[in-house]
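Chain naming here is simple, since letters A, B, ... match the order of the sequence lines and numbering starts at 1 in each.
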Amino acid sequence: MPELPEVQTAIDDLLSAGLPGRRILEARVNRPGSVKPLDPDQFSRMVRGLVFRGIRRRGKYIIFTMSGDLSILAHLRMTGQFKLSSTADGTDPHDRVIFSLEDRRTLRFHDTRAFGRLLCTPSPGDILDRLGPDALDPALTPVQFTHMLHSRRRQIKALLLDQGFIAGLGNIYCDEGLYRAGIHPLRRSDTLGSGEAILLLHAIRSVLATALRNRGTSLGTGETNYMSGGKRGENRSSLQVYGRENQQCLRCGSIIKKIYVGQRGTHYCPVCQPDQRK
DNA sequence: AATACAGCCTGGACGC
DNA sequence: TGCGTCCAGGCTGTAT
């Protein structure tokens with residue numbers, strides 16, 4: 001599932017493949033829903049002739065800075081991937097949007113489950129300004145993070161998943177961060193001591209940094225599996241709780257539990273993350 | 001303000 | 001083997 005490390009890996013791969021500087025000759029939208037709320041013709045007309053200038057990330061959004069003061073915002077959601085091919089390969093039914101580039105390569109937005117979106121806009125801030133600070137933004141200090149947690153009173157796991165609170169975390173790295181910080185996923189955010197809050201931010205960043213080094217987490221195989229640059233991510237072996245329900249905790253040997261928090265599967269160790277709800 | 005839940009999708013895992 | 005059923009996930013919109 002693309003979360004911050006997977007999105008960053010996708011960006012890094014596009015950068016090293018030399019996407020910046022390339023011009024879009026034409027865009028074909030195979031699935032109208034993938035460019036909503038624009039309609040396919042509108043989208044194609046808008047991006048035709050634009051040149052990729054830069055690629056950045058904010059939370060889980062990819063921001064392609066384009067010529068003409070436009071941006072293309074991409075959200076991969078569950079199964080979105082960008083594929084850059086040197087030739088016009090055979091058609092794939094899951095290539096939702098296909099960009100023909102001036103250098104004869106093709107950039108494909110491949111998305112099995114079709115949850116992902118591409119948006120071309122002059123004002124990406126309309127969307128990005130709704131996000132909280134990026135989890136890896138050094139401007140987010142432990143002290144600020146502590147204040148943020150104390151100003152809300154929600155279950156910590158649900159809060160970390162809220163992109164308007166902090167941007168970039170998804171289900172996997174939330175569970176991993178809470179585990180490493182020893183915090184129960186149902187703890188209310190305003191009951192965390194400042195020591196715990198600081199530990200949590202550090203744990204989250206450490207989990208993300210490891211995942212980034214491993215090029216993200218790929219789980220199963222096949223169509224729904226995360227890949228970038230034609231390669232799987234190697235982070236799965238670094239996961240300590242996610243997907244390990246009914247297995248032993250690697251730290252204390254207790255059995256990892258799975259519960260649901262806000263309709264999301266949530267994995268934790270009942271001993272290492274004691275329930276101290278107030 | 002927080003929570004719940006449907007809806008968007010479809011491959012893959014599972015049970016029979 | 002082949003069918004049916006359920007699940008996974010991020011995010012938005014609506015209702016409570």
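Under the ring pair (Phe, Tyr, Trp, His ring centres under 6.0 Å) criterion, the residue pairs touching residues 167-226 of chain A are H184(A)-Y268(A), with sequence neighbours excluded. Sorted by first and then second residue, the ring pair (Phe, Tyr, Trp, His ring centres under 6.0 Å) pairs involving residues 22-69 of chain A (not counting sequence neighbours) are F52(A)-F64(A), Y61(A)-H75(A), F64(A)-F82(A).
Put simply, CD on Q263(A) is 6 Å from C1' on dC5(B), counting in whole angstrom units. A straight line from CG of D111(A) to P of dG10(C) spans 14 Å, rounded to a whole angstrom. One can place CG of L219(A) at 11 Å from P of dG10(C), the figure rounded to the nearest angstrom. Residue I156(A) contributes atom CD1, which lies 12 Å from atom P of dA2(B) at whole-angstrom precision. Per the geometry, CG belonging to L159(A) stands 15 Å off P belonging to dG10(C), to the nearest Å. Here the P atom of nucleotide dA1(B) and the CD atom of Q155(A) are 18 Å apart, to the nearest Å. To the nearest angstrom, C1' of dA8(C) lies 15 Å from CD of E6(A). Summarising the geometry, the separation between CG on L186(A) and P on dA2(B) is reported as 16 Å, rounded to the nearest angstrom.
Side chain of S67(A) to main chain of V51(A): a donor-acceptor pair is present (N/O by atom type, distance under 3.5 Å, no hydrogens or angles). Remark: side-chain polar atoms of E3(A) are paired, donor with acceptor, to backbone N or O of G170(A) under 3.5 angstrom.
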Quiz item: How does protein reach along nucleotides 9-14 of chain B, written 5' to 3' as B (base within reach of a heavy atom under 4.0 Å), S (only sugar-phosphate), or - (no contact)?
Solution: BBBS--

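For the residue pair I166(A) and L160(A), the shortest heavy atom distance occurs at CG2-O, 3.8 Å.
When heavy atoms are screened at a 4.0 angstrom cut-off, Y260(A) is found touching the sugar-phosphate backbone but no base atom. Within 4.0 Å of R264(A), counting heavy atoms only, lies at least one base atom of the nucleic acid. Nucleic acid contact class of K258(A) (heavy atoms, under 4.0 Å, all strands): sugar-phosphate only. Residue Q163(A) is in sugar-phosphate contact alone, with no base atom involved, counting any heavy-atom pair closer than 4.0 Å across all strands shown.
For the pair K60(A) and dC11(C), the criterion of a side-chain N or O lying under 4.0 Å from OP1 or OP2 is met. Contact between the side-chain N/O atoms of R152(A) and the OP1/OP2 oxygens of dA2(B) is found at a separation under 4.0 Å. Note on H75(A): a side-chain N or O is less than 4.0 Å away from OP1 or OP2 of dC11(C).
Annotation: the span from M148(A) atom CE to L159(A) atom CG amounts to 7.5 Å, rounded to 0.5 Å. For the atom pair R188(A) CZ and H150(A) NE2, the distance stands at 11.0 Å (nearest 0.5 Å). Between L118(A) atom CG and R96(A) atom CZ the span is 11.5 Å, to the nearest 0.5 Å. Here the CE-CD1 distance, from M66(A) to I55(A), works out to 9.0 Å after rounding to the nearest 0.5 Å. I198(A) contributes atom CD1, which lies 11.5 Å from atom CG of L192(A) (distance to the nearest 0.5 angstrom). The CD1 atom of I127(A) sits 12.0 Å away from the CZ atom of R58(A) when rounded to the nearest 0.5 Å.
Of all the residues in residues 164-171 of chain A, G170(A), N171(A) reach under 4.0 Å from DNA chain C with at least one non-hydrogen atom. Residues of residues 206-217 of chain A that place a heavy atom closer than 4.0 Å to DNA chain B do not occur.
D275(A) CG: more than 12 foreign heavy atoms inside a 6.0 Å radius. Atom CZ of R251(A) is surrounded by more than 12 heavy atoms from other residues, nucleotides or ligands within 6.0 Å. Heavy atoms from other residues, nucleotides or ligands lying under 6.0 Å from CZ of R48(A) number more than 12.
You'll find the side chain of K157(A) reaches within 4.5 Å of the side chain of L178(A), heavy atoms only.
Each of R77(A) and A158(A) lies near DNA chain B, and the nucleotide nearest A158(A) is the one positioned closer to the 5' end.
Across its full length, the helix from dA2(B)-dT16(C) to dC16(B)-dG2(C) shows an angle of 50° between the axes of its 5 terminal pairs at either end, rounded to 10 degrees.
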